[in-house]
Amino acid sequence: MQIIILGAAAGGGLPQWNCGCDNCNAARNGRIPPLTQSSVAVSADGQNWAILNASPDIRMQLAATPALHPAGPRQMPLRSVLVTNGDIDHVAGLLTLRESQAFDLLATPAIHQALAANPMLSALRTDLVTRREVALDQDIRLAPGLDATLFAVPGKVPLYQEGEVVETGLVGETTVGVELRAGGRRALYIPGCADMPDWLKSRIDGADLLMFDGTLWEDDEMIRMGLGQKTGRRMGHMPVVQTIRDLSGLDIGRRIFVHMNNSNPLTDPASPQAAEAETQGWQIGRDGMEITL
(Lines give C-alpha, C1' and ligand atoms only; values in the text may rest on other atoms or scores of the structure.)
Protein backbone atom coordinates (compact mmCIF):
# COMPACT_ATOMS: atom_id res chain seq x y z
CA MET A 1 0.00 0.00 0.00
CA GLN A 2 1.32 3.42 -0.98
CA ILE A 3 0.01 6.52 0.78
CA ILE A 4 0.74 10.19 0.10
CA ILE A 5 -0.43 12.88 2.49
CA LEU A 6 -1.53 15.57 0.04
CA GLY A 7 -2.53 18.02 2.76
CA ALA A 8 -1.97 17.76 6.53
CA ALA A 9 -3.78 20.89 7.74
CA ALA A 10 -7.30 21.41 8.98
CA GLY A 11 -9.70 23.87 7.36
CA GLY A 12 -8.00 27.12 6.42
CA GLY A 13 -4.55 25.58 5.97
CA LEU A 14 -1.29 27.07 7.20
CA PRO A 15 -0.96 29.97 6.89
CA GLN A 16 -4.67 30.72 7.09
CA TRP A 17 -5.52 33.69 4.91
CA ASN A 18 -6.94 35.86 7.71
CA CYS A 19 -4.73 34.80 10.62
CA GLY A 20 -1.66 36.49 12.02
CA CYS A 21 -0.90 34.02 14.80
CA ASP A 22 2.69 32.96 15.44
CA ASN A 23 2.37 29.76 13.40
CA CYS A 24 0.81 31.48 10.39
CA ASN A 25 3.44 34.22 10.41
CA ALA A 26 6.20 31.61 10.75
CA ALA A 27 4.82 29.80 7.71
CA ARG A 28 4.63 33.06 5.75
CA ASN A 29 8.25 33.94 6.47
CA GLY A 30 9.51 30.43 5.76
CA ARG A 31 10.50 29.45 9.28
CA ILE A 32 8.09 26.48 9.32
CA PRO A 33 6.65 24.60 6.34
CA PRO A 34 3.21 25.63 5.08
CA LEU A 35 0.43 23.04 5.01
CA THR A 36 -2.50 22.64 2.65
CA GLN A 37 -5.89 21.33 3.69
CA SER A 38 -6.78 17.75 4.58
CA SER A 39 -6.47 15.13 1.83
CA VAL A 40 -4.72 11.78 1.31
CA ALA A 41 -3.99 9.65 -1.78
CA VAL A 42 -3.77 5.85 -1.61
CA SER A 43 -2.79 3.14 -4.09
CA ALA A 44 -2.12 -0.59 -4.06
CA ASP A 45 -0.03 -0.61 -7.25
CA GLY A 46 1.32 2.91 -7.71
CA GLN A 47 -0.70 3.27 -10.92
CA ASN A 48 -4.32 3.53 -9.79
CA TRP A 49 -5.14 5.96 -7.00
CA ALA A 50 -7.96 6.85 -4.65
CA ILE A 51 -8.20 10.22 -2.93
CA LEU A 52 -9.65 10.49 0.56
CA ASN A 53 -11.29 13.90 0.97
CA ALA A 54 -11.23 16.56 -1.74
CA SER A 55 -9.80 19.63 -0.05
CA PRO A 56 -10.16 23.19 -1.39
CA ASP A 57 -6.43 22.92 -2.22
CA ILE A 58 -6.79 19.81 -4.40
CA ARG A 59 -5.62 21.51 -7.61
CA MET A 60 -2.24 22.49 -6.19
CA GLN A 61 -1.96 19.18 -4.34
CA LEU A 62 -2.40 17.24 -7.57
CA ALA A 63 0.09 19.49 -9.33
CA ALA A 64 2.67 18.85 -6.60
CA THR A 65 2.28 15.04 -6.76
CA PRO A 66 3.84 13.40 -9.86
CA ALA A 67 2.15 10.06 -9.15
CA LEU A 68 -1.20 11.76 -9.77
CA HIS A 69 -0.27 13.62 -12.96
CA PRO A 70 -2.16 12.78 -16.16
CA ALA A 71 -0.50 10.43 -18.63
CA GLY A 72 -2.24 12.11 -21.55
CA PRO A 73 -5.36 14.12 -22.41
CA ARG A 74 -7.91 13.24 -19.70
CA GLN A 75 -5.86 10.16 -18.76
CA MET A 76 -5.72 10.43 -14.98
CA PRO A 77 -4.64 7.70 -12.55
CA LEU A 78 -7.53 8.77 -10.29
CA ARG A 79 -10.12 6.03 -9.82
CA SER A 80 -12.19 7.25 -6.90
CA VAL A 81 -12.73 10.03 -4.38
CA LEU A 82 -14.07 9.16 -0.94
CA VAL A 83 -15.22 11.77 1.57
CA THR A 84 -15.34 11.10 5.31
CA ASN A 85 -17.78 13.88 6.18
CA GLY A 86 -19.48 16.84 4.55
CA ASP A 87 -17.17 19.50 5.99
CA ILE A 88 -16.19 22.24 3.56
CA ASP A 89 -12.47 21.43 3.91
CA HIS A 90 -13.24 17.88 2.72
CA VAL A 91 -15.70 18.48 -0.13
CA ALA A 92 -15.04 21.93 -1.64
CA GLY A 93 -12.34 20.44 -3.88
CA LEU A 94 -15.02 18.47 -5.71
CA LEU A 95 -15.79 21.69 -7.59
CA THR A 96 -12.21 21.65 -8.90
CA LEU A 97 -12.67 18.06 -10.10
CA ARG A 98 -15.60 19.01 -12.36
CA GLU A 99 -13.59 19.21 -15.60
CA SER A 100 -14.97 16.20 -17.49
CA GLN A 101 -13.07 13.55 -15.57
CA ALA A 102 -14.46 10.11 -14.80
CA PHE A 103 -14.18 8.77 -11.26
CA ASP A 104 -16.36 7.23 -8.56
CA LEU A 105 -17.50 9.51 -5.74
CA LEU A 106 -18.03 7.46 -2.59
CA ALA A 107 -19.67 8.46 0.69
CA THR A 108 -22.33 7.36 3.13
CA PRO A 109 -25.97 8.08 2.20
CA ALA A 110 -26.09 10.94 4.74
CA ILE A 111 -23.02 12.61 3.25
CA HIS A 112 -24.31 12.12 -0.30
CA GLN A 113 -27.55 13.77 0.78
CA ALA A 114 -25.62 16.81 1.99
CA LEU A 115 -23.71 16.97 -1.30
CA ALA A 116 -26.87 16.58 -3.38
CA ALA A 117 -28.42 19.55 -1.57
CA ASN A 118 -25.75 21.84 -3.05
CA PRO A 119 -26.74 22.71 -6.64
CA MET A 120 -23.19 23.79 -7.50
CA LEU A 121 -22.04 20.18 -7.27
CA SER A 122 -24.30 19.28 -10.18
CA ALA A 123 -21.28 20.47 -12.22
CA LEU A 124 -19.91 16.96 -11.60
CA ARG A 125 -21.34 15.31 -14.70
CA THR A 126 -23.45 12.29 -13.90
CA ASP A 127 -22.29 10.52 -17.06
CA LEU A 128 -18.70 10.67 -15.81
CA VAL A 129 -18.84 10.83 -12.00
CA THR A 130 -20.66 7.90 -10.45
CA ARG A 131 -22.03 8.72 -7.01
CA ARG A 132 -21.87 5.54 -4.97
CA GLU A 133 -23.55 5.28 -1.59
CA VAL A 134 -21.55 3.20 0.85
CA ALA A 135 -23.11 1.61 3.91
CA LEU A 136 -21.15 1.51 7.14
CA ASP A 137 -19.08 -1.64 7.68
CA GLN A 138 -19.49 -2.66 4.03
CA ASP A 139 -16.41 -3.73 2.06
CA ILE A 140 -15.80 -1.64 -1.04
CA ARG A 141 -13.07 -1.39 -3.66
CA LEU A 142 -11.51 2.04 -4.17
CA ALA A 143 -8.98 1.08 -6.86
CA PRO A 144 -7.45 -2.15 -8.18
CA GLY A 145 -6.16 -4.13 -5.21
CA LEU A 146 -7.26 -1.48 -2.70
CA ASP A 147 -10.23 -2.28 -0.47
CA ALA A 148 -11.85 -0.16 2.23
CA THR A 149 -14.52 -0.14 4.90
CA LEU A 150 -16.23 2.93 6.34
CA PHE A 151 -17.00 2.93 10.05
CA ALA A 152 -18.71 5.47 12.29
CA VAL A 153 -16.70 7.61 14.72
CA PRO A 154 -18.01 10.21 17.18
CA GLY A 155 -18.51 13.56 15.47
CA LYS A 156 -21.11 16.10 14.36
CA VAL A 157 -22.87 17.40 11.28
CA PRO A 158 -21.06 19.95 9.05
CA LEU A 159 -21.13 23.59 10.14
CA TYR A 160 -23.63 24.53 7.41
CA GLN A 161 -26.09 21.91 8.75
CA GLU A 162 -25.88 22.93 12.40
CA GLY A 163 -29.03 24.06 14.18
CA GLU A 164 -29.54 25.79 17.50
CA VAL A 165 -28.53 22.64 19.39
CA VAL A 166 -25.42 20.82 18.19
CA GLU A 167 -24.67 17.24 19.23
CA THR A 168 -20.91 16.74 19.03
CA GLY A 169 -20.84 13.02 19.82
CA LEU A 170 -23.04 11.69 17.03
CA VAL A 171 -22.17 8.17 15.97
CA GLY A 172 -23.56 7.37 12.53
CA GLU A 173 -23.13 8.29 8.88
CA THR A 174 -22.13 11.95 9.27
CA THR A 175 -18.52 11.36 10.40
CA VAL A 176 -16.63 8.22 9.43
CA GLY A 177 -13.21 6.67 9.51
CA VAL A 178 -11.75 4.59 6.70
CA GLU A 179 -10.09 1.22 7.05
CA LEU A 180 -7.80 0.60 4.06
CA ARG A 181 -6.53 -2.87 3.08
CA ALA A 182 -4.01 -3.94 0.45
CA GLY A 183 -1.27 -6.54 0.31
CA GLY A 184 -2.15 -7.90 3.73
CA ARG A 185 -1.68 -4.48 5.36
CA ARG A 186 -4.27 -2.42 7.23
CA ALA A 187 -4.28 1.37 7.57
CA LEU A 188 -6.83 3.63 9.25
CA TYR A 189 -7.61 7.21 8.25
CA ILE A 190 -9.64 9.18 10.83
CA PRO A 191 -9.25 12.94 10.19
CA GLY A 192 -12.15 13.92 12.44
CA CYS A 193 -13.04 12.31 15.78
CA ALA A 194 -14.66 13.78 18.89
CA ASP A 195 -13.94 11.01 21.43
CA MET A 196 -12.21 7.66 21.93
CA PRO A 197 -14.65 5.01 23.20
CA ASP A 198 -13.36 1.50 23.91
CA TRP A 199 -14.94 0.07 20.75
CA LEU A 200 -12.95 2.50 18.62
CA LYS A 201 -9.74 1.60 20.44
CA SER A 202 -10.44 -2.04 19.60
CA ARG A 203 -10.84 -1.17 15.93
CA ILE A 204 -7.58 0.77 15.88
CA ASP A 205 -5.56 -1.83 17.79
CA GLY A 206 -3.25 -3.84 15.55
CA ALA A 207 -3.30 -1.43 12.59
CA ASP A 208 -0.13 -1.11 10.53
CA LEU A 209 -0.78 2.63 10.22
CA LEU A 210 -3.06 5.15 11.90
CA MET A 211 -3.58 8.64 10.43
CA PHE A 212 -5.58 10.44 13.11
CA ASP A 213 -7.27 13.75 13.89
CA GLY A 214 -4.65 16.19 15.17
CA THR A 215 -6.74 19.36 14.95
CA LEU A 216 -5.91 20.95 18.31
CA TRP A 217 -3.19 20.21 20.85
CA GLU A 218 -5.43 21.33 23.74
CA ASP A 219 -9.19 21.64 23.77
CA ASP A 220 -9.33 25.38 24.50
CA GLU A 221 -6.27 26.56 22.55
CA MET A 222 -8.19 28.66 20.02
CA ILE A 223 -10.01 30.50 22.82
CA ARG A 224 -6.78 31.15 24.74
CA MET A 225 -5.08 32.44 21.59
CA GLY A 226 -7.95 34.75 20.71
CA LEU A 227 -8.66 32.90 17.45
CA GLY A 228 -12.21 31.77 18.12
CA GLN A 229 -14.89 31.03 20.68
CA LYS A 230 -15.19 27.26 20.22
CA THR A 231 -13.37 24.42 21.89
CA GLY A 232 -12.06 21.54 19.87
CA ARG A 233 -14.80 19.27 21.21
CA ARG A 234 -17.45 21.79 20.14
CA MET A 235 -16.00 21.52 16.63
CA GLY A 236 -16.08 17.71 16.78
CA HIS A 237 -12.37 17.11 17.49
CA MET A 238 -10.74 15.54 20.54
CA PRO A 239 -7.49 17.19 21.67
CA VAL A 240 -4.14 15.64 20.80
CA VAL A 241 -3.13 15.41 24.46
CA GLN A 242 -6.07 13.05 25.04
CA THR A 243 -5.36 11.04 21.91
CA ILE A 244 -1.76 10.40 22.93
CA ARG A 245 -2.93 9.23 26.35
CA ASP A 246 -5.87 7.11 25.17
CA LEU A 247 -3.91 5.24 22.49
CA SER A 248 -0.66 4.82 24.40
CA GLY A 249 -1.15 1.11 25.11
CA LEU A 250 -2.30 -0.01 21.67
CA ASP A 251 -0.30 -2.02 19.14
CA ILE A 252 -0.03 0.35 16.18
CA GLY A 253 2.71 0.18 13.56
CA ARG A 254 2.95 3.89 12.73
CA ARG A 255 1.00 6.79 14.22
CA ILE A 256 0.67 10.03 12.28
CA PHE A 257 -1.29 13.16 13.15
CA VAL A 258 -3.14 14.81 10.26
CA HIS A 259 -5.76 17.58 9.97
CA MET A 260 -3.87 20.04 12.18
CA ASN A 261 -5.26 23.51 12.81
CA ASN A 262 -3.06 26.57 12.25
CA SER A 263 -3.15 27.17 16.03
CA ASN A 264 -1.68 23.75 16.83
CA PRO A 265 1.95 23.87 18.04
CA LEU A 266 2.53 20.54 16.26
CA THR A 267 2.75 22.53 13.02
CA ASP A 268 6.08 23.90 14.28
CA PRO A 269 8.68 21.10 14.02
CA ALA A 270 10.80 22.82 16.69
CA SER A 271 8.05 23.13 19.29
CA PRO A 272 8.20 21.29 22.63
CA GLN A 273 4.80 19.78 21.82
CA ALA A 274 6.09 18.25 18.57
CA ALA A 275 9.03 16.79 20.49
CA GLU A 276 6.66 15.39 23.11
CA ALA A 277 4.41 13.77 20.51
CA GLU A 278 7.41 12.21 18.77
CA THR A 279 8.72 10.89 22.10
CA GLN A 280 5.34 9.17 22.51
CA GLY A 281 5.77 7.45 19.13
CA TRP A 282 3.79 9.83 16.93
CA GLN A 283 4.86 11.42 13.65
CA ILE A 284 3.59 14.80 12.50
CA GLY A 285 1.97 14.72 9.09
CA ARG A 286 3.47 16.98 6.43
CA ASP A 287 2.37 17.76 2.87
CA GLY A 288 3.99 15.32 0.47
CA MET A 289 4.81 12.73 3.14
CA GLU A 290 4.97 9.28 1.52
CA ILE A 291 4.31 6.04 3.39
CA THR A 292 4.78 2.52 2.06
CA LEU A 293 3.31 -0.44 3.92
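FYI, side chains are in, hydrogens and waters are out, and symmetry mates aren't considered; it's all heavy atoms of this structure.
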**Q.** Straight-line distance of Met222 CE to Leu216 CG, nearest 0.5 Å
**A.** 6.5 Å

**Q.** Ser271 side-chain N/O to Pro265 backbone N/O, donor-acceptor pair under 3.5 Å
**A.** yes

Q) Can Asp208 and Arg185 be counted as an ion pair, charged N to O under 4.0 angstrom? A) yes

Q) Taking side chain as C-beta onward, heavy atoms only, is Trp49 less than 4.5 Å from Arg79? A) no

(Q) Could you tell me if Asn48 and Asp45 have a donor-acceptor pair between their side chains, going purely by distance under 3.5 Å? (A) yes

Q: Kindly state each residue pair satisfying salt bridge (charged side-chain N to carboxylate O under 4.0 Å, His left out) with at least one member in residues 281-293, sequence neighbours excluded.
A: none

Q. Is Arg181 salt-bridged to Glu179, going by a charged N under 4.0 Å from an acidic O?
A. yes

**Q.** Minimum-distance pair of heavy atoms, taken over all atoms of Leu52 and Leu142
**A.** CD2-CD1, 4.1 Å

(Q) Would you say Met238 ends up clustered with Ile190 if hydrophobic residues are merged whenever their side chains have heavy atoms under 4.5 Å apart, either directly or through other cluster members? (A) yes

Q: Could you tell me whether a side-chain N or O of Gln61 sits under 3.5 Å from a main-chain N or O of Gln37, the two making a donor and an acceptor?
A: yes

(Q) Would you compute the distance between atom CG of Leu115 and atom CG of Leu105 and round it to the nearest 0.5 angstrom? (A) 6.0 Å

**Q.** Modelled atom types, side-chain donor and acceptor of Arg254 and Gln283, under 3.5 Å
**A.** yes

Q. Any sub-3.5 Å donor-acceptor pair from Glu276's side-chain atoms to Pro272's backbone N or O?
A. no

Q.
Counting only heavy atoms from other residues, nucleotides and ligands, does the tally under 6.0 Å from CH2 of Trp199 exceed 12?
A. yes

(Q) Between Thr174 and Val157 (side chain of the first, backbone of the second, donor and acceptor by atom type, cut-off under 3.5 Å), is there such a pair? (A) no

Q. Considering all heavy atoms of both residues, which atom of Cys193 and which atom of Phe212 are nearest to each other, and what is their separation?
A. CB-CZ, 3.7 Å

(Q) When you compare the side chains of Asp89 and Ser55, does any donor N or O come within less than 3.5 Å of an acceptor on the partner? (A) no

Q. In Å, rounded to the nearest 0.5 Å, how long is the span from CZ of Arg255 to CG of Leu188?
A. 12.0 Å

Q) Asp219 side chain to Arg233 main-chain N or O, any donor-acceptor pair under 3.5 Å? A) yes

Q | Electrostatic pair Arg74-Glu99, nearest N-O below 4.0 angstrom | A | no

